[in-house]
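Convention: sequence-line order gives letters A, B, ...; per-chain numbering from 1.
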Protein chains: 2
Amino acid sequence: MVGNGAGLRSGQVAEMTGVSPDTIRHYERIGILPHPPRSCGGYRLYSADVIERVHLVRRALQLGFTLAELSEILRVRDKGGIPCRRVLHLAEEKLRSLEHQIAELRQTQTYMKSLVRQWRSKLALTDPSSKALLLHSLIDDGSSLPNTKKKLRRRK
Amino acid sequence: MVGNGAGLRSGQVAEMTGVSPDTIRHYERIGILPHPPRSCGGYRLYSADVIERVHLVRRALQLGFTLAELSEILRVRDKGGIPCRRVLHLAEEKLRSLEHQIAELRQTQTYMKSLVRQWRSKLALTDPSSKALLLHSLIDDGSSLPNTKKKLRRRK
DNA sequence: CTTGACTCTGGAATCGATTCCAGGGTGCAT
DNA sequence: ATGCACCCTGGAATCGATTCCAGAGTCAAG
């Protein structure tokens with residue numbers, strides 16, 4: 001084992017934060033983690049505080065921040081800047097789109113529920129050789145479903 | 001204008017269904033729309049019932065079906081099969097994951113709300129040269145957020 | 001000194017639906 | 001015969017976060 005007085009290797013950081021070593025390297029590539037010093041053999045030697053940073057990033061990702069945003073924010077912070085207002089602004093934005101998205105999903109849920117109920121009973125009293133009853137009921141009835149379902153979701 | 005007694009060109013279908021001509025061609029490529037007959041000049045000439053099919057597909061996509069699933073289902077149906085039970089099964093699955101996803105989002109929403117409130121007041125009574133107060137509050141407090149945020153979303 | 005676990009590199013692949021592209025025809029109007 | 005709007009092809013790009021890859025190097029234990 002390499003002496004860990006010198007620092008944490010990428011795999012150790014990965015394990016301690018619950019992500020893959022690939023992800024750690026990726027975060028470094030896009031400027032979210034600093035370039036750590038290297039051992040004589042070329043291994044990254046992280047100081048313990050990257051753990052906090054990775055946790056922070058994971059949590060922010062869950063909230064809907066993107067890696068690009070985090071990279072920008074953390075860069076500012078690392079240069080001594082104060083990105084707090086930016087962070088708050090982004091958070092407010094995420095919250096709004098979150099609420100919007102929930103509303104859409106619930107609308108879809110409502111529709112879907114009635115659809116499944118309707119399909120179940122229809123299927124129950126149809127003899128098993130009849131056709132094409134289910135999907136077909138989707139073609140009319142153009143309301144009751146949101147249409148702006150962009151991929152505004154987050155996290156792997 | 002080409003006589004439309006012969007059929008609808010891709011652009012017309014596109015306009016009537018609110019998608020792009022590219023999408024129409026794409027649907028044909030992956031087997032969701034049948035290969036239509038062609039005009040002497042090589043233009044696709046669709047019969048009017050593709051309109052219904054495209055609408056059906058759009059609606060199913062909104063519900064969380066994938067193009068691959070729809071392709072499979074529609075292929076079965078076009079060969080005279082009866083994919084209804086499959087459709088119902090998938091719909092039930094979509095509904096479940098929808099409910100799960102809503103639950104997660106609401107959890108995130110709750111957390112996010114309190115975070116924004118907390119950040120707002122914290123920022124209000126901090127002099128504008130203090131640093132790093134906001135994001136930092138993410139690193140502890142590991143509960144209260146879902147962690148299985150796969151991209152189980154739908155639709156463009 | 002060999003084995004095996006770990007790490008390095010950076011470019012490509014993945015997921016899914018859609019869009020974009022270039023180079024080339026079609027068809028109707030002036 | 002010239003313009004213009006439309007259509008054809010199929011392969012590649014897009015979005016974002018992560019993963020995968022091959023070929024190579026490091027290091028401690030046996």
| Protein-nucleotide distance (A:Leu70, atom CG; D:dT18, atom P), rounded to Å | 10 Å
| field | Contact under 4.0 Å: A:Tyr27 side-chain N or O vs D:dT18 OP1/OP2 | value | yes
| request: For residues B:Trp119 and B:Ser137, report the shortest heavy-atom separation together with the two atoms involved. | output: NE1-OG, 3.0 Å
| request: May I have the distance from B:Lys94 (atom NZ) to C:dG16 (atom P), rounded to whole angstrom? | output: 10 Å
| query | Nearest-Å distance, CD1 (B:Ile30) to P (D:dG10)? | reply | 15 Å
| said: Please find the pair of heavy atoms, one from A:Lys94 and one from B:Met112, that lie closest to each other, and give the distance. | reply: CB-CE, 3.4 Å
| Nearest-Å distance, CG (A:Leu45) to C1' (D:dC27)? | 13 Å
| Phosphate OP1/OP2 of C:dT19 contacted by B:Thr23 side-chain N/O (<4.0 Å) | yes
| By side-chain hydrogen bond (donor to acceptor under 3.5 Å, both in side chains), which residues pair with A:Thr110, not counting sequence neighbours? | none
| query | Could you give the CG-to-C1' distance, from A:Leu61 to D:dT18, as a whole number of Å? | reply | 11 Å
| Does A:Ser20 place a side-chain N or O at less than 4.0 Å from the phosphate oxygens OP1/OP2 of D:dT19? | yes
| message | Please determine whether a side-chain nitrogen of the Lys or Arg among A:Glu72 and A:Arg86 lies less than 4.0 Å from a carboxylate oxygen of the Asp or Glu. | response | yes
| note | The bend of the helix from C:dC1-D:dG30 to C:dT30-D:dA1, taken between the axes of its five terminal pairs at each end and rounded to 10°, is 30°
| Base-contact (B) and sugar-phosphate-only (S) positions in nucleotides 3-9 of chain D, heavy-atom cut-off under 4.0 Å, - elsewhere | ---BSSB
| said: If only side-chain N and O atoms count, and only distance matters, is there a donor-acceptor pair under 3.5 Å linking A:Arg75 with A:Ser71? | reply: yes
| query | Can any side-chain N or O of A:Glu15 pair as donor or acceptor with the backbone N or O of A:Gln12 at less than 3.5 Å? | reply | no
| message | How many whole angstroms separate atom CZ of A:Phe65 from atom P of D:dA17? | response | 12 Å
| query | Looking only at atom types and distance, does a side-chain atom of A:Arg53 sit under 3.5 Å from a main-chain N or O of A:Ile32, one as donor and one as acceptor? | reply | yes
| message | Whole angstroms only, please: what is the CD1-P distance between B:Ile24 and D:dG10? | response | 17 Å
| remark: For A:Ser20 and A:Ala14 the tightest heavy-atom approach is C-CB, 3.7 Å
| Contact under 4.0 Å: B:Arg29 side-chain N or O vs C:dG16 OP1/OP2 | no
| query | How long is the line joining NE2 of A:His26 and C1' of C:dG11, in whole Å? | reply | 13 Å
| Nearest heavy-atom pair of B:Arg58 and B:Thr23: which atoms, and what distance? | NH1-CG2, 4.3 Å
